[in-house]
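Data first, discussion second: the structure below is written as structure tokens.
Side-chain atoms are counted along with the backbone in the values below, which use heavy atoms only and exclude waters and symmetry mates. For the single chain, residues carry numbers from 1 onward in sequence order. Counting convention: from 1, in listed order, for ligands and their atoms alike.
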Amino acid sequence: MNILLKNGLLISPSDNINEIRDIAVIDGKPSLVIPDIKFDKVIDCKEKIVSPGLIDIHVHFRDPGFEYKEDINSVANAAAKSGVTTIVGMPNVKPAIDNKTVVNYVLNKGKETVVNVLTTGSATKSNAGETLAEIGEMKEEGICAVSDDAYPIQNANIMRRALEYSKNFDLPFMAHCEDKNFTKDAYMNEGYNASMLGLRPWPREAEEIMILRNALLAGLTGCHVHIQHLTTKGGVEAVKWAKGQGYPVSAETCPQYFTLTDDACLGYDTNAKCCPPLRRPEDIEAIVKGIKDNTIDIIATDHAPHAIEDKEVEFMSAAFGMTGLETALPLCIEELYIKNKVPIEVILRKYITEPAKLIGSKQDSFATQELADIIVFDPKAEIVVDKTKFLSKGKNTPFDGFKLHGEVELTIAKGKICYEK
Ligand SMILES: [Zn+2]
């Protein structure tokens with residue numbers, strides 16, 4: 001099918017394009033040269049933004065092992081509706097993604113879905129943080145990064161070996177930064193609210209200590225360390241320092257961390273329980289500043305879907321995490337673009353160009369896309385978040401009922417229309 005997207009504001013940071021310009025999809029491939037043919041579908045994108053599809057490098061597929069929470073097909077459909085055309089899965093599933101058989105399962109199942117499905121491999125066997133996994137074999141099978149997400153490696157020497165091994169295979173390491181001794185049985189950010197609620201506090205230093213350790217190990221090993229889900233002011237400063245030292249590090253944050261504070265946990269709302277926890281207003285300020293000055297390179301969701309029974313329990317027993325894909329772009333538009341005047345081009349660079357660079361994807365640029373990944377969204381559209389309409393199996397969001405701006409109208413992935421409002 002040949003498609004013409006007309007009159008839209010085309011923004012593609014990787015192609016240095018930010019102008020009103022048409023783009024076509026010819027036999028599944030993107031084309032900035034518009035041929036004189038009869039198109040099967042012509043879409044008027046006036047006053048809309050047209051860009052390459054978003055690339056979300058931090059997504060929990062829950063498959064294999066926890067398909068009652070989410071599966072590769074449902075997460076792909078949720079991604080398509082969210083304008084995300086490439087998703088990268090985390091290795092903490094069951095069995096863990098620590099060998100080529102599981103990598104193969106995820107990638108093959110992913111091929112049958114509507115978006116590009118990639119996966120990380122676990123740094124250690126069974127995510128136990130002790131014995132290194134078969135990183136070389138997993139690389140051959142197609143992993144795009146190594147990660148210790150959800151099970152941060154505590155032993156610095158094992159982390160050093162994991163980084164050396166990843167570096168050998170030319171893979172970046174996505175690091176969940178948390179000193180577990182510091183957060184044992186902790187539920188929310190250390191401070192007044194935790195005291196008020198009588199919940200064991202989670203010190204910000206648990207995150208910051210590990211960011212510093214992992215940055216030092218990036219310097220020592222030369223392996224690119226990508227700091228996942230940054231949440232604190234001190235963390236932003238730590239990343240800035242590490243970059244100043246010339247260490248090969250990058251950092252990501254997630255929409256919840258520039259939108260909500262731990263006030264969202266008042267009333268024991270388990271949907272606001274996440275790992276790392278929501279912080280304070282000064283942290284949000286530092287994160288927004290870090291996004292503006294490029295200390296924070298990447299926006300990702302840490303999409304963490306759970307079943308109702310995982311969350312409809314008391315706060316202490318509830319699972320950590322929130323479903324994130326279907327609110328991500330509207331939260332970026334609302335909080336970054338409208339409230340904090342971050343240009344949409346900058347948001348897209350952090351949600352398309354930088355993640356592609358990290359994982360070696362070519363889908364960020366119309367010049368290099370093999371099959372077209374293109375989205376059309378309206379940054380002015382007003383929406384009310386309704387979790388019952390989520391395509392993700394996970395309805396665990398603290399944003400239900402939020403009035404936001406920004407709506408995806410069309411998603412083309414792998415050269416085909418996979419979502420249309
Ligand atoms: Zn994590």
Side-chain angles (χ1 to χ4, degrees), residues 56-62 65-66 69-70 75 87-94 96-98 118-124 126-129 143-154 159 162 166 172-184 186-189 202-211 213-215 225-232 235-236 238-239 249-258 260 271-279 283 287 296-306 310 318-325 328 355 358-359 394 396 398:
D56 199 321
I57 59 163
H58 194 158
V59 180
H60 292 277
F61 299 170
R62 307 298 192 208
F66 306 95
K69 294 176 192 261
E70 190 81 289
V75 78
I87 45 177
V88 178
M90 292 298 119
N92 58 323
V93 282
K94 210 172 174 183
I97 305 179
D98 64 359
L118 303 176
T119 188
T120 55
S122 177
T124 59
S126 306
N127 293 310
I143 60 168
C144 64
V146 176
S147 180
D148 65 352
D149 194 34
Y151 296 95
I153 297 173
Q154 298 298 295
M159 186 64 168
S166 303
F173 192 104
M174 299 182 181
H176 171 125
C177 298
E178 178 190 342
D179 183 324
K180 298 288 276 182
N181 297 303
F182 230 170
T183 60
K184 196 169 180 297
Y187 306 103
M188 65 176 286
N189 182 50
W202 184 303
R204 57 189 56 241
E205 289 77 7
E207 182 173 339
E208 294 158 357
I209 285 168
M210 283 305 223
I211 292 174
R213 184 202 76 173
N214 290 338
V225 171
H226 174 69
I227 310 291
Q228 297 182 296
H229 45 41
L230 191 68
T231 72
T232 75
V236 177
V239 171
V249 297
S250 55
E252 105 201 353
T253 193
C254 317
Q256 55 271 32
Y257 299 122
F258 55 69
L260 297 176
N271 286 319
K273 181 181 176 186
C274 54
C275 170
L278 299 170
R279 306 290 186 178
D283 299 301
I287 284 169
I296 295 174
D297 309 88
I298 289 174
I299 295 167
T301 54
D302 191 8
H303 176 77
H306 287 293
D310 301 323
F320 285 98
M322 51 184 78
T323 192
L325 282 167
L358 181 71
I359 59 170
N396 49 307

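At least one N/O/S atom of Asp149, from backbone or side chain, sits under 2.8 Å from the Zn ion (ligand 1). Cys275 lies apart from the Zn ion (ligand 1) in this respect, since none of its N, O or S atoms is found at a distance under 2.8 Å. Among the backbone and side-chain atoms of His176, an N, O or S atom lies under 2.8 Å from the Zn ion (ligand 1).
Nearest heavy-atom pair across Ala300 and Pro255 is O-CD, 3.4 Å.
Between Phe320 and Trp202, the angle of the ring planes goes over 60°, which puts this pair in the perpendicular group of the 30/60° scheme.
The side-chain hydrogen bond (donor to acceptor under 3.5 Å, both in side chains) test with His229 singles out one residue from His176, Glu252, His58, and that residue is His176.
The environment of CZ in Phe66 is crowded: more than 12 heavy-atom neighbours from other residues, nucleotides or ligands sit within 6.0 Å.
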